[in-house]
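Since this is a predicted model, take the numbers as computed values, not measurements. No hydrogens, no waters, no symmetry mates; every other heavy atom, side chains included, goes into these values.
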Amino acid sequence: MINLEEIKEQEIDLNKVYDYVEFPDKVSGRYDNCNSAYFKSSVKGGVFLRECRNCGRKKSV
C-alpha cells in the first residue's frame, strides 16, 4: 500500500523555495525528506531562508 506522505516527499522540487507556514517541519529543525538538521541560513530582502546542506531543499521562514 502506498502512503500519501511518501508520494508528497518524492515530489519535492529542490529548485523551489517552500514557505514554512505551508510546509512546516514534521520534526522541528529537521528536513522532512532527508531528516537532516544541518543547514545554512541567509537573509535576503528581509526573508530568512534555510537551505539543507544534505539535500538542498530550501524553506523561507
Side-chain angles (χ1 to χ4, degrees):
M1 184 174 193
I2 297 176
N3 186 348
L4 184 60
E5 289 180 7
E6 290 175 17
I7 293 172
K8 287 181 183 178
E9 290 178 2
Q10 291 173 359
E11 297 175 359
I12 293 172
D13 182 4
L14 298 179
N15 295 317
K16 181 180 176 186
V17 176
Y18 291 91
D19 187 8
Y20 189 84
V21 175
E22 294 178 31
F23 299 97
D25 299 335
K26 291 178 187 173
V27 177
S28 182
R30 295 194 170 267
Y31 279 88
D32 304 334
N33 54 325
C34 69
N35 202 33
S36 175
Y38 186 54
F39 53 87
K40 60 183 175 180
S41 21
S42 60
V43 177
K44 191 173 195 178
V47 176
F48 180 74
L49 187 66
R50 212 172 63 166
E51 181 178 353
C52 180
R53 292 187 185 240
N54 187 38
C55 70
R57 184 175 183 184
K58 299 175 192 87
K59 284 188 180 181
S60 65
V61 180

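Here Asp13 pairs with Asn15, Lys16, Tyr18 under the side-chain contact (heavy atoms from CB on, under 4.5 Å) rule; sequence neighbours left out.
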Compile the donor-acceptor pairs under 3.5 Å between side chains in residues 46-53 and protein atoms, sequence neighbours left out, one pair per line.
residue : atom : partner : partner atom : Å
Arg50   : NE   : Tyr31   : OH           : 3.4
Arg50   : NH1  : Asp25   : OD2          : 3.3
Arg50   : NH2  : Asp25   : OD1          : 3.0
Arg50   : NH2  : Asp25   : OD2          : 2.8

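At a threshold of 4.5 Å between non-hydrogen side-chain atoms, the residues Asp32 and Lys59 count as touching. No side-chain heavy atom of Arg30 sits less than 4.5 Å from a side-chain heavy atom of Tyr38.
Between Cys55 and Asn33, the closest heavy-atom pair is SG-ND2, 3.4 Å.
The hydrophobic side chain of Val21 is isolated, with no ILVMFWY side chain under 4.5 Å apart from it.
Here Ser36 contributes atom OG and Arg57 contributes atom CZ; the two are 12.5 Å apart, rounded to the nearest 0.5 Å.
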